[in-house]
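Residue numbers run from 1 in the order of the sequence given.
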Amino acid sequence: MTTPVSRRMVEVSGTEALWLLEGAAQGRLVYIQRESSVIRPAVHLLQYGRLIVRTPAQATALSDRATLTYHADEIRVAGGTGWTVTATGPAEVITDADEAAHYRRTLPGWVHGPHDTLLRIRPQTVTGFRLAHEEA
């Protein structure tokens with residue numbers, strides 16, 4: 001018989017949370033639409049303190065949002081360890097053609113067309129946790 005392992009969440013600093021986020025390639029964009037939470041897969045990069053996100057969502061659904069939330073994590077199922085990071089801040093759809101072309105080359109997307117949106121999020125609130133085993 002195996003002994004159950006106690007797990008715990010340890011909060012990390014905002015700097016460490018951004019470092020973890022920078023090391024990840026994928027996450028999820030989270031926003032509210034018609035009073036329901038919408039979660040879309042996304043790829044991202046952190047550049048000059050800004051989070052650049054490419055997601056399969058309509059730009060019209062995102063352009064009127066003052067702030068957006070982005071979440072990424074890396075959780076090892078077998079051991080129950082890893083980390084989770086959430087960043088929230090003002091966001092804007094990237095509309096400059098040259099800048100958009102650059103990020104479309106840099107960030108692999110799922111589709112190209114009306115559901116291929118590039119965003120710039122300025123993280124103002126960043127929270128992160130490491131998932132670990134309880135020490136004996």
Problem set entry | Nonpolar side-chain network containing V30, other nodes, edges under 4.5 Å | I39
Problem set entry | Pairs involving residues 27-39, ordered by first then second residue, that meet side chain to side chain donor-acceptor pair (under 3.5 Å) (sequence neighbours left out) | R28-D73
For this session: Name all pairs fulfilling the side chain to side chain donor-acceptor pair (under 3.5 Å) condition that reach into residues 9-22, sequence neighbours left out, sorted by first residue then second.
Result: E16-R130
Problem set entry | Heavy-atom donor-acceptor pair, T55 side chain to A42 backbone, under 3.5 Å | no
Exercise. Any sub-3.5 Å donor-acceptor pair from R40's side-chain atoms to L29's backbone N or O?
Worked result: no
Exercise. Do T117 and L62 pass the side chain to side chain contact (heavy atoms under 4.5 Å, CB included) test, and can you show the C-alpha distance, the side-chain angles, and the key distance before you say yes or no?
Worked result: CA-CA 9 Å; T117 302; L62 303 172; 4.0 Å; yes
Approximate separation, where rounding is to 0.5 Å, of [X] [atom1] and [Y] [atom2]:
X	Y	atom1	atom2	value
T84	I75	OG1	CD1	6.0 Å
L46	L20	CG	CG	11.5 Å
Q58	D116	CD	CG	12.0 Å
R122	L68	CZ	CG	12.0 Å
H44	L107	NE2	CG	9.0 Å

Tell me, please, which residues at least two apart from [X] pass side-chain hydrogen bond (donor to acceptor under 3.5 Å, both in side chains).
X	answer
Q26	none
R120	E92, E99
T106	none

Is there a side-chain contact between [X] and [Y] in this structure, where contact means two heavy atoms from C-beta onward sitting under 4.5 Å apart?
X	Y	value
L51	L21	yes
V93	L118	no
V12	W83	no
Q47	Y103	yes
L45	V53	no

For this session: Return the minimal non-hydrogen interatomic distance between P123 and G49, and the atom names on each side.
Result: CD-O, 3.4 Å
Exercise. Y70 and I94: same hydrophobic cluster, using ILVMFWY side-chain contacts below 4.5 Å?
Worked result: no
For this session: Take I121 and R50 through the test side chain to side chain contact (heavy atoms under 4.5 Å, CB included) and record every step on the way to the result.
Result: CA-CA 6 Å; I121 301 173; R50 308 293 193 257; over 6 Å; no
Exercise. Is the closest side-chain donor-acceptor distance between T81 and R76 under 3.5 Å?
Worked result: yes
Exercise. With a 3.5 Å cut-off and no angle check, do the side chains of T69 and T88 form a donor-acceptor pair?
Worked result: yes
